[in-house]
Amino acid sequence: MTSLLLHPGLLLVAGGLLVAVLRGRTRAAVILLLPLLALWLVWQALDPAAAVTVQFLEHTLRPLAPESLSRLFATIFAIMAFGGGLYALNQASRLEVPAAFVYAGSAIGAAMAGDLITLFVFWELMAIGSTLVLWSSGASRASFRYLMVHLFGGVLLMAGIAGHVAATGSVEFARMALDTPWHWLMLAGFLVNAGAPPLSAWLPDAYPEASWSGMVFLSAFTTKTAVYVLLRGFPGNEILIWIGVFMIFYGIIYALLENDMRRILAYSIVNQVGFMVTGAGIGTEMAVSGAAAHAFTHIIYKALLLMSAGSVLYMTGKRKCTDLGGLFQSMPVTCICGIIGALAISAFPLTSGFVSKSMVAQAAADQHLLWIWLALAAASAGVFLHAGIKFPWFVFFQKDSGLRPPDPPANMRAAMILFAVLCIVIGVWPEPLYRLLPHATGYEPYTAAHVLNQLQLLLFSGLAFFVMLDYLKRTLTITLDTDWFYRVLAPALWRALCAACSVLRRSLTAASVGGAGVAERLQRCFGPAGLLGRTWSTGATALWMMVLLLAYLVTYLS
């Protein structure tokens, strides 16, 4: 139990509850120190002697079972909690940061879980924390839809785990083949959190409705934890390749159509997670390490992009590209940091995205997956169009909107600068990141051919953007996604069904003959004062139970 108290995830969860009751400088200090302490504990847990086991029913649970892949994800989750906490120090909501720490701690707990039961507990706690982050911004309807989708995914995962444990008697979280319905259910539960089709729309539906700081937290944990469990539980399953490719182009197309800067970046999350899911599907050591490295760098540069967008929203109150432009004149720090994040997501040389995304493409080439390699190359150009150029151009450089807000407060600038520096340092010096990867690949990103090919791809993508600029200018439009089916179509069908039932009830009532109508008879029997509907005394209930039991015994023994 003492060792369990030093679990980095549980520490952050408990610390989040503590932050909720603190005030002033003490609260700010705890917000900054807790993630650093959790990060220190992550690295202390690398000692095999630090592993923790707990007996539950007839199973041995391993809530703290660190290995190389879990160490990588737990490390970046702790770093993200620190950066997000620094950025959100001046958040007025008293609930958001505590909920975000519960969320981040649960993600660390899921990454370090050695069994399926512990994984499921942290998985569901993560859903609760993220829902509270979203709900704290006042987006009650979006948070309700978000919760419903993730509860559905949790049910799929729980059913799969229960079936797996019943069939094998083991709760160990290890590599699994898609050879039973239970494993398919578990995979489906994981893919819901990854933002895979057909439920991809939950992410752009919910995340942009969070606060200016809430979306920074939301971008980091749910989808990347899903990538982690796919890399650990289902690497090498070909179906993940095609799901990942679909996610890549789905995200690109919808991001190009969007006018809302935060929805652009939300669709970009789906797009980037698609690269990681594709790597999980390829399943080689290079692919798994590439997907893990890309998840690490993606959390940093995506948080940086969302911090930049959040700063614009915080200072202007506007989020539509058609309402923005010319902000580079008064928000230089925000603009420069946004550009660095845009270059990193586009895999520009000397940025973090360049040293990670290319590993997945290299894994496809090594396996002679020509069409997948071509798709990834085309997708890299599409990423540069929608996130590398479109976001900074329409927000900071397009036709002047007349807005002249200053850069955000010092803590927000510090968080952006920290993550911008990380994007460049990892891009220039990737060896420390490569040493964290689960497999030693010996990959060298800075070859002449690779650098030249990537520069050609990005430069021609940029040329295409400005040549087609008139077609890419945003208008006040709304893009329909698959959430239309449960946001619009399903409620409409429910209302139509209720109306049809009302008509049927009226028809039956009108058609009833002799004495009281059918409805009145049912009311007398089952209504609040009816024989079967009214409240009975305890004695009468016990008497009827005895009569029914006696009747059952007589029937059974006769």
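Here the structure is a predicted model, which is why all the values come from computation and not from measurement. Positions are given from 1 along the sequence.
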With under 30° as parallel and over 60° as perpendicular, where do the rings of His298 and His294 fit, or are they tilted in between? tilted

So do Thr223 and Met276 actually touch side chain to side chain, heavy atoms under 4.5 Å? no

Picking from Val42, Ile108, Leu231, what satisfies side-chain contact (heavy atoms from CB on, under 4.5 Å) with Phe73? Leu231

I'd like to know if the side chain of Thr284 pairs up with that of Gln367 as donor and acceptor (distance under 3.5 Å, no hydrogens or angles considered). no

Output field: ring centroids Phe221/Phe217 closer than 6.0 Å: no

CG/Leu452 to CD/Gln456 distance, rounded to the nearest 0.5 angstrom? 6.0 Å

Hey, could you give me the CE/CG distance between Met416 and Leu305, rounded to the nearest 0.5 Å? 11.5 Å

Going through the distances and angles, do Trp212 and Tyr87 end up as a ring pair (Phe, Tyr, Trp, His ring centres under 6.0 Å)? CA-CA 10 Å; Trp212 50 269; Tyr87 184 75; 5.6 Å; yes

Run the side-chain contact (heavy atoms from CB on, under 4.5 Å) check on Glu124 and Leu151 step by step: do they pass? CA-CA 8 Å; Glu124 292 302 285; Leu151 288 179; 4.1 Å; yes

Close side-chain approach of Phe419 to Ile340, heavy-atom, < 4.5 Å: no

All heavy atoms of Thr351 vs all of Tyr446, minimum pair found to be N-OH, 4.3 Å

Shortest non-hydrogen contact from Leu458 toward Pro349: CD1-CD, 4.5 Å

Which heavy atom of Ile117 sits nearest to which heavy atom of Val171, and what is that distance? CD1-CG1, 3.8 Å

Would you call Asp483 and Arg145 a salt bridge, taking side-chain N to carboxylate O under 4.0 Å as the test? no

Donor-acceptor pair, side chain of Glu96 and main chain of Ser136, under 3.5 angstrom: no

Start with the C-alpha gap between Tyr103 and Thr222, add the side-chain angles, then the distance that decides, and say whether side-chain hydrogen bond (donor to acceptor under 3.5 Å, both in side chains) holds. CA-CA 9 Å; Tyr103 182 28; Thr222 298; 2.5 Å; yes

Calculate, to the nearest 0.5 Å, the distance between atoms CG and NE2 belonging to Leu12 and His7 respectively. 11.0 Å

What heavy-atom pair brings Ala226 and Trp123 nearest, and what distance separates the two atoms? CA-CH2, 4.1 Å

Quick one: do the Ser200 and Tyr267 side chains pair a donor with an acceptor below 3.5 Å? no

Nearest-0.5 Å distance, CG of residue Leu304 to CD1 of residue Ile299: 14.0 Å

Regarding Gln454 and Ser358, is there a side-chain donor-to-acceptor distance under 3.5 Å anywhere? no

Checking Ser289 side chain against Met286 main chain: does a donor-acceptor pair fall under 3.5 Å? no

For Trp202, the option from Tyr207, Phe144, Phe152, Tyr486 that meets ring-ring contact (aromatic ring centres under 6.0 Å, His included): Tyr207

According to side chain to side chain donor-acceptor pair (under 3.5 Å), who are the partners of Thr225, at least two apart in sequence or on a separate chain? none

Could you check if a side-chain atom of Val355 sits within less than 4.5 angstrom of a side-chain atom of Trp429, using non-hydrogen atoms only? no

Quick one: does Lys224's side chain have a donor or acceptor within less than 3.5 Å of a partner on Ser219's backbone? yes

Is the ring pair Tyr443/Tyr434 parallel, tilted or perpendicular, if the boundaries are 30 and 60 degrees? perpendicular

Are any side-chain N or O atoms of Lys357 and backbone N or O atoms of Ile345, one a donor and one an acceptor, separated by less than 3.5 Å? yes

Is the closest side-chain heavy-atom distance between Gln55 and Thr60 below 4.5 Å? yes

Would you compute the distance between atom CG of Leu61 and atom OG1 of Thr118 and round it to the nearest 0.5 angstrom? 4.5 Å

Side chains of Thr168 and Trp182: closer than 4.5 Å at any heavy-atom pair? no

Tell me whether Glu238 at atom CD has more than 12 heavy atoms from other residues, nucleotides or ligands lying less than 6.0 Å away. no

Would you say that Thr482 contacts Leu199 through its side chain, given a criterion of any heavy-atom pair below 4.5 Å between the two side chains? no

Could you check His164 against Met176 for side-chain contact (heavy atoms from CB on, under 4.5 Å), going step by step and ending with a plain yes or no? CA-CA 10 Å; His164 171 81; Met176 293 169 281; 4.3 Å; yes

Any side-chain heavy-atom pair of Phe296 and Ser356 under 4.5 Å: no

Is it true that atom CD of Glu58 has more than 12 heavy atoms of other residues, nucleotides or ligands lying nearer than 6.0 Å? no

Has the side chain of Arg319 got a donor or acceptor atom that lies under 3.5 Å from a matching backbone atom of Arg262? no

Could you report the tightest heavy-atom contact between Met186 and Phe234, atom names first, then the distance? CB-CZ, 4.3 Å

Apply the test side-chain contact (heavy atoms from CB on, under 4.5 Å) to residues Leu187 and Leu240: give CA-CA distance (whole Å), side-chain angles for both, the deciding distance (0.1 Å), then the verdict. CA-CA 10 Å; Leu187 177 64; Leu240 293 178; 4.0 Å; yes

Flag side-chain contact, heavy atom, 4.5 Å: Ser268 against Phe391: no

Between atom CG of Asn453 and atom OG of Ser380, what is the distance when rounded to the nearest 0.5 Å? 11.0 Å

Please walk me through it: do Leu343 and Ile339 pass side-chain contact (heavy atoms from CB on, under 4.5 Å)? CA-CA 6 Å; Leu343 292 176; Ile339 291 172; 4.2 Å; yes

Using a strict 4.0 Å threshold on nitrogen-to-oxygen distance, state whether Arg62 and Asp115 make a salt bridge. no

What are the two closest non-hydrogen atoms of Leu134 and Glu209, and how far apart are they? CD1-C, 4.0 Å

